[in-house]
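Numbers restart at 1 for each chain; the letters A, B, ... are given by sequence-line order, proteins then strands.
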2 protein chains.
Amino acid sequence: MRGNLVATGSQAEQSSGVNPMPRRLLMKELTARGVRMTAQRRLLVTIIQDARRHLDAAALLEMARKRDAAIDRATVYRTIALLKEHGLIDELDLMHMEGEKHYYEAKTTRDHCHLACFQCGAIMEYTSASLERLKAEMCAQSGFQIRVVRLEVGGVCKVCQKSAN
Amino acid sequence: MRGNLVATGSQAEQSSGVNPMPRRLLMKELTARGVRMTAQRRLLVTIIQDARRHLDAAALLEMARKRDAAIDRATVYRTIALLKEHGLIDELDLMHMEGEKHYYEAKTTRDHCHLACFQCGAIMEYTSASLERLKAEMCAQSGFQIRVVRLEVGGVCKVCQKSAN
DNA sequence: ATATGTGCAAATCTTTTGCAAATTC
DNA sequence: GAATTTGCAAAAGATTTGCACATAT
């Protein structure tokens, strides 16, 4: 059983990013659902979709302000809520390694797991057929109609294990 | 592939609780690690361990106060932090269906998933060999040394699907 | 006796909300 | 022009912290 690994974060930038998760076009999905697209929403959606790292609300606000200094925190939170309602972004904790904030990412077409290293803070993403199988099994057995899957793992990455701390 | 289901929450109390997850003896593990056990810690640990539902900090405080009116919120949070550091409890979001608080449960000897129904609020627990397999696979492929696994699923439960809302 | 734990009150951090003004269709 | 979105400032909710006092070993 082979899965795919993608790395981001602290030292992870260095790791080879094989097979990134297949992305979606948020803007198109929103308009298709009849959501009114204002300039600010477009901006925020673009930032989330193109982000190379996982953004929290504050980071998203900061990035958005570079293009529109007038944008407010409230708008960021309201847009996040909107995207969540439509199931277009996923909310992550990443093991809350730095405070209780949440991180967001455009929902990919395939669910994936986030592995967070407690030592160096690197985040790796992991997809595999096994996860899909597990989902199918849970559905079948519980009768649940799954809408969101959040699988987060905390531990020590390969590199940090070697540097034996 | 068969997994085990256990239900709790709103309407879940009614569901048959088959095969609860195997529990651990927190107190013993703590003393074994040389953690100083005060009366209040003993009280809190007992409550968490014997809880039938997932407790948030406020609920834990409230329950503890029934036995020791003097116990403070800060102590609750400090004890939670202690237990988390020692890997003896798991922290859950349960899809944040009512605010941003966290829920806690004594770590079981086998990792399990929480399925939360967005409609009725029921929480079901799910263990299966597939989850163990997925963990093993992730370890093997990423080289991660896994310390915590948090798998939470949001959706609509069987009952709510039928009541067609 | 010394280190550790606790209560209290205030602080911090993240997220939400009411309302008047601005924007979109 | 009516409905929706936004900024602002204030509120709310969860969790953390400094410090003086209490408790455990």
Starting at the 5' end of DNA chain C, which residue's closest nucleotide do you reach first, B:Asp68 or A:Arg36? B:Asp68
Going through the distances and angles, do A:Glu132 and A:Arg110 end up as a side-chain contact (heavy atoms from CB on, under 4.5 Å)? CA-CA 8 Å; A:Glu132 294 304 319; A:Arg110 199 166 181 201; 3.5 Å; yes
Co-membership, hydrophobic cluster, residues A:Val156 and A:Leu115, 4.5 Å side-chain: no
Could you check whether A:His96 and B:Glu91, counting side-chain N and O atoms only, form a donor-acceptor pair closer than 3.5 Å? no
Show me the side-chain donor-acceptor pairs of residues 26-40 of chain A shorter than 3.5 Å, one per line, residues at least two apart or across chains.
{"unit_1": "A:Glu29", "atom_1": "OE1", "unit_2": "A:Arg33", "atom_2": "NH2", "d": "3.4"}
{"unit_1": "A:Glu29", "atom_1": "OE2", "unit_2": "A:Arg24", "atom_2": "NE", "d": "3.2"}
{"unit_1": "A:Thr31", "atom_1": "OG1", "unit_2": "A:Met27", "atom_2": "O", "d": "3.1"}
{"unit_1": "A:Thr31", "atom_1": "OG1", "unit_2": "A:Lys28", "atom_2": "O", "d": "3.0"}
{"unit_1": "A:Arg33", "atom_1": "NE", "unit_2": "A:Glu29", "atom_2": "O", "d": "3.4"}
{"unit_1": "A:Arg33", "atom_1": "NH1", "unit_2": "A:His86", "atom_2": "O", "d": "3.3"}
{"unit_1": "A:Thr38", "atom_1": "OG1", "unit_2": "A:Arg41", "atom_2": "N", "d": "3.2"}
{"unit_1": "A:Gln40", "atom_1": "NE2", "unit_2": "A:Asp68", "atom_2": "OD2", "d": "3.1"}

Kindly state which residues belonging to residues 83-104 of chain A come within less than 4.0 angstrom of DNA chain D, counting heavy atoms of the residue only, listed by number. none
side-chain contact (heavy atoms from CB on, under 4.5 Å), that's the test. Do A:Leu134 and B:Leu151 meet it? Break it down for me. CA-CA 11 Å; A:Leu134 175 58; B:Leu151 173 53; 3.7 Å; yes
Quick check for you: to the nearest 0.5 Å, what is the distance between A:Glu125 atom CD and A:His112 atom NE2? 3.5 Å
Indicate the atoms forming the closest heavy-atom contact of B:Leu94 with B:Ala116, along with that distance. O-CB, 4.3 Å
Residues within residues 70-80 of chain A bordering DNA chain D, heavy-atom distance below 4.0 Å: A:Ala70, A:Ile71, A:Asp72, A:Ala74, A:Thr75, A:Arg78
More 5' along DNA chain D: B:Ala81 or B:Thr38, using each one's nearest nucleotide? B:Ala81
Please output the side-chain donor-acceptor pairs of residues 70-82 of chain A that fall under 3.5 Å, not counting sequence neighbours, one pair per line with the distance.
{"unit_1": "A:Asp72", "atom_1": "OD2", "unit_2": "A:Ala74", "atom_2": "N", "d": "2.8"}
{"unit_1": "A:Thr79", "atom_1": "OG1", "unit_2": "A:Thr75", "atom_2": "O", "d": "2.8"}

Kindly calculate the angle separating the two end axes of the helix from C:dA1-D:dT25 to C:dC25-D:dG1, each obtained from five base pairs, and round it to 10 degrees. 40°
Using a cut-off of 4.0 Å on non-hydrogen atoms, how would the nucleic acid contact of A:Ala57 be classed: base, sugar-phosphate, or nothing? sugar-phosphate
For B:His54 and B:Glu105, does a side-chain donor sit closer than 3.5 Å to a side-chain acceptor? yes
Euclidean distance, A:Cys113 SG relative to B:Arg150 CZ, rounded to 0.5 Å: 12.5 Å
Give the rounded distance in Å between these two atoms: CG of A:Asp56 and P of C:dT14. 8 Å
Exceeds 12 heavy-atom contacts within 6.0 angstrom, atom CZ of B:Arg42: yes
Nucleic acid contacts of residues 40-51 of chain A, taken as heavy-atom distances under 4.0 Å to DNA chain C: none
For A:Cys117 against A:Met97, the heavy-atom pair lying closest together: O-SD, 3.4 Å
Only one of B:Lys135, B:Arg147, B:Arg133 passes salt bridge (Lys or Arg N to Asp or Glu O under 4.0 Å) with B:Asp111, and that residue is B:Lys135
